[in-house]
Amino acid sequence: MITGSEALMQALIHEGVDTVFGYPGGSIMPVFDAMYDHQNDFKQVLVRHEQGAAHAAQGYARASGKVGVCIVTSGPGATNTITGVADAMLDSTPIVVIAGQVAANFLGTDAFQEVDLVGITQPISKWSYQVRRPEDIAWAVARAFHIAGTGRPGPVVLDFAKNAQVGMVDFKPATIDVERGYIAVPDTDPKSIEEAAALINAAERPLLLAGQGIELGNATEELRTFVEKADIPVGCTLLGLSTLPHGHRLRKGMLGMHGNLGPNVKTNECDLLIAVGMRFDDRVTGRLDAYAKQAKVIHLDIDPAEINKNVYADVAVLGDCKDTLARLTAAIDEAKHTEWIESFAPHEEKEWNEVIRHAIHPEEGPLRMGEVARAVSEASGNKGILVTDVGQNQMMSARYFQYTQKRSIITSGGLGTMGFGIPAAIGATFGAPDRTICLFMGDGGIQMSIQEFGTIMETGAPVKMILLNNNYLGNVRQWQELFFGKRYSCTPMLNPDYMKIAEAYGIPSQLVVERDQLANAIDTMLATDGPFLLEVAIMENENVMPMTPPGGAVNVMMMNAMDC
C-alpha cells in the first residue's frame, strides 16, 4: 500500500515522464513531498509562475514530440495555468496539467483556494477530470496521457483532491490503448483516397497548404515524397513552417496575413487546394467569401470537426496524415506543373524588391527586425529551433528565420499569447537539449514573463534570447498607424535597463545599437555556454509587410503603409 501521491509518481514514471514543470502550494504539497524521493527519476523544474509552468510544458512537448507535464496547486495556482491550457488546445499541444484541489468532503463549501477547475477547463481541454479517490489514480493518469498524446493532441487537466493524495492504495499502473467513446484516429474511407487522387491527377494548378498536423503526425517525409511526385507547390501555415525545408524548390513560403505574396495570391488562382493538417484559420483565409472560390478543395485531417467548419471540402480525407499522404502518393500519377510553379516567380521578385531586400539587407538607418532574425538563423547554421513571443517579433522572426529540420518553430499561433516565449523556450531546452533554442521577443512580451529569468538562473537553461526592442507594443502600434489614424493609445513603452536585470539573474547579456556590432554579438551569444540575452535596439516604426488588411481578401496584400 502506498499513498496516492506516491501512486501519482509511479504512474508518471510508468508513462515515461522525464521532466515536470511545477510550483508547489498547500493543496498539492503531498505530491511535492512525494516528488522529493524521485529527484533521480525525472527532472523537476521550479518555475516562477504557474502560467510559466503550462507554457514550459508546451515548449517541451512541441520540441520533443512527447506529452508535457506541469503540477500546480489549487485555486489561483490552477487558474494561472488556464491561459496555457487554452493555448495548448488551439495549437493542438499535448500537455497534462495536474492541479491540487481541496479534499472531497470540502468540495462545494468555498473552502480556502477552492475553484471549480473542471468546470472552467472543460470547454478548453480535450478532457478534464477530478480525481477524488486514490483508487482512480492509475486509470486517470493513463487515460490523461492517452487522450493528450493520441489523435489530434491537446491538453488534459487532472484536478487532484487532497484526500486522494494522502489516501492509501494498492497501486498497479494502468495502460490504455483503446478508450470507449474516444476515437483517436478515424477510419479512412478508401473512396476518399480515390476521389482525391482523381482530382490531383486532373489538376493543372494545384497548391498544397501544409499545417502543423504534418509535424504532429510525424509525416514530414511523407509530405515531401507526395509533393515531389505530384510536383505541387507548397504554402505553409505559421505553425507548419518547418514541414518542408528552406531551399526546397516546391516550398513557396508562409500563408496568411503576414505571409508571402506568392502563396497568398496563388490561393485565389489555383484550381485545386489541398489542405493537410490545418484548420483554415481566419489569419490564413482572410475573407471567407473571397477565399479560393475558383478551386476544388481536398482536406486531409485527423479531426472530423475541422471538415467543412470554415471552408467546404469537395473531398474530405479523414485519418492520420502519415498514412493518408502515403496512400495518396501511391494512388496518384507522377506529374509536372512547370509553368504553374514558374508563375510564382514574378510575385517572389516583387516581394523581394519591395519588402524582403530592405528587411534583411538595409543599406542604412536603424537595425531592422528581419536582418536580426536572418543573421541569428544563419549563424546557427539554420539548424536552431525558433521560439517566439507574440507580435511583430513573432511575424518577423517567423518570416526570416530559415528552417532545415522538422519541429523547428514553437510559437503561440491560435491564442496569440504574449508572455509565451520565455517559458516555452525554457521547456524547449529540456525537450530538445541537443539543439540551439533561439527565442525572439519584444519589449512587451518579455515583461509579461520576465520572472522566468529566475527559472533560467536556477536551471541554467541555455536559451539564446534575442530581445527586439523598439520601445513600443509594436504590433498594436502598427495597426494604430494603419487603421486608427496614428492614435498611439497605450503603445509607447518606457522600458527598464534589461542589461541590469539580466545581470541580477546572472545571465550574460549584450546590448547592440549599431549594425556593425551585430555579427560579433551574435557570435558571442551562440558561443556562450548556457543562457544569453541579446538586446537589439531596432527601428521604432517598422511595419511587418506584406499584410492582408483585416477583413480583406487573402490575395490583396499591402506591400507598404502607403497601400493602406
Side-chain angles (χ1 to χ4, degrees), residues 1-12 20-38 44 46-55 57 68-89 95-145 147-148 154-171 174 179 181 451:
M1 300 289 287
I2 57 175
T3 67
S5 295
E6 177 59 26
L8 175 62
M9 297 299 102
Q10 297 297 332
L12 294 179
V20 170
F21 305 92
Y23 203 97
S27 288
I28 199 68
M29 205 173 296
V31 168
F32 276 83
D33 183 67
M35 284 171 60
Y36 187 85
D37 295 325
H38 293 277
Q44 301 172 17
L46 172 65
V47 297
R48 298 312 192 257
H49 190 281
E50 291 90 352
Q51 183 176 338
H55 291 326
V69 180
C70 71
I71 303 178
V72 300
T73 195
S74 64
T79 57
N80 281 343
T81 68
I82 287 173
T83 297
V85 173
D87 195 292
M89 188 66 176
I95 63 171
V96 172
V97 177
I98 300 168
Q101 182 58 279
V102 300
N105 61 308
F106 284 106
L107 290 169
T109 68
D110 292 331
F112 179 66
Q113 292 191 333
E114 179 193 0
V115 69
D116 182 6
L117 185 62
V118 171
I120 292 171
T121 57
Q122 274 184 335
I124 57 170
S125 64
K126 282 189 75 176
W127 185 51
S128 186
Y129 181 76
Q130 189 172 75
V131 181
R132 297 187 181 185
R133 308 183 311 150
E135 292 83 0
D136 296 334
I137 292 170
W139 169 83
V141 171
R143 192 173 197 266
F145 277 81
I147 291 175
V156 168
V157 176
L158 292 181
D159 194 33
F160 200 7
K162 196 166 186 179
N163 63 288
Q165 299 173 40
V166 299
M168 304 300 289
V169 62
D170 182 10
F171 176 77
E179 179 67 19
Q451 73 279 348

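Predicted model, so just to flag it, every value in this text is computed and none were measured.
A donor and an acceptor atom, one from each side chain of His38 and Glu6, are located under 3.5 Å apart. Looking at Gln101 and Asp159, their side chains do bring a donor and an acceptor atom within 3.5 Å of each other.
Shortest non-hydrogen contact noted between Val72 and Gly77 is CG2-O, 3.6 Å. Ile28 and Ala99 get closest at one heavy-atom pair: CD1-C, 4.2 Å. The shortest non-hydrogen separation linking Val131 to Ala140 is CG2-CB, 3.9 Å. What you find for Glu114 and Gly108 is that their closest heavy atoms are OE2-N, 2.6 Å. Annotation for Ala53 and Phe21: closest pair O-CB, 3.9 Å, computed over non-hydrogen atoms. Among all heavy-atom pairs drawn from Ala161 and Ala104, the shortest one is CB-N, 4.2 Å.
Counting only heavy atoms from C-beta outward, the side chains of Leu158 and Val141 approach each other to under 4.5 Å. Met29 places none of its side-chain heavy atoms less than 4.5 Å from the side chain of Pro24. Two residues are said to be in side-chain contact when any heavy atoms from C-beta on lie closer than 4.5 Å; Met35 and Val31 meet this criterion. Looking only at side-chain heavy atoms (C-beta outward), Phe145 and Val69 come within less than 4.5 Å of each other. Val115 places a side-chain heavy atom less than 4.5 Å from the side chain of Thr79. Inter-residue side-chain proximity for Ile124 and Gln122 is flagged as unmet; no heavy-atom pair is nearer than 4.5 Å. Counting heavy atoms from C-beta outward, Lys162 and Pro30 have side chains that approach closer than 4.5 Å.
Note that the CD1 atom of Ile98 and the CD atom of Gln165 stand 10.0 Å from one another [nearest 0.5 Å]. Atom CG of Leu8 sits about 5.5 Å away from atom CD1 of Ile71, to the nearest 0.5 Å. To the nearest 0.5 Å, atom OG of residue Ser125 and atom CD1 of residue Ile120 are 11.5 Å apart. Here SG of Cys70 is found 11.0 Å from CG of Asn80. Values are rounded to the nearest 0.5 Å. In this structure, the separation between CD on Gln51 and OH on Tyr23 is 14.0 Å, given to the nearest 0.5 Å. Remark: Gln130 CD to Asp136 CG distance equals 10.5 Å, nearest 0.5 Å.
Thr81 contributes no side-chain N or O that, together with a main-chain N or O of Ala54, makes up a donor-acceptor pair within less than 3.5 Å. Remark: the backbone N or O of Phe171 is not paired with any side-chain donor or acceptor of Gln10 at under 3.5 angstrom. A donor-acceptor pair under 3.5 Å links the side-chain atoms of Lys126 to the main chain of Ile147, judged by distance alone. With hydrogens and angles ignored, the 3.5 Å screen pairs no side-chain donor or acceptor of Thr121 with any backbone N or O of Ser128.
Residues satisfying the salt bridge (charged side-chain N to carboxylate O under 4.0 Å, His left out) test with Arg143, not counting sequence neighbours, are Glu179. Evaluation of the side chain to side chain contact (heavy atoms under 4.5 Å, CB included) rule for Glu135 yields Arg133, Val169 as partners, not counting sequence neighbours. Remark: Phe160 engages no residue in a ring pair (Phe, Tyr, Trp, His ring centres under 6.0 Å) (not counting sequence neighbours).
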Problem - Step-by-step side-chain contact (heavy atoms from CB on, under 4.5 Å) determination, Val97 to Val156 - result: CA-CA 6 Å; Val97 177; Val156 168; over 6 Å; no
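Around atom CZ of Phe106, no more than 12 heavy atoms belonging to other residues, nucleotides or ligands sit under 6.0 Å away.
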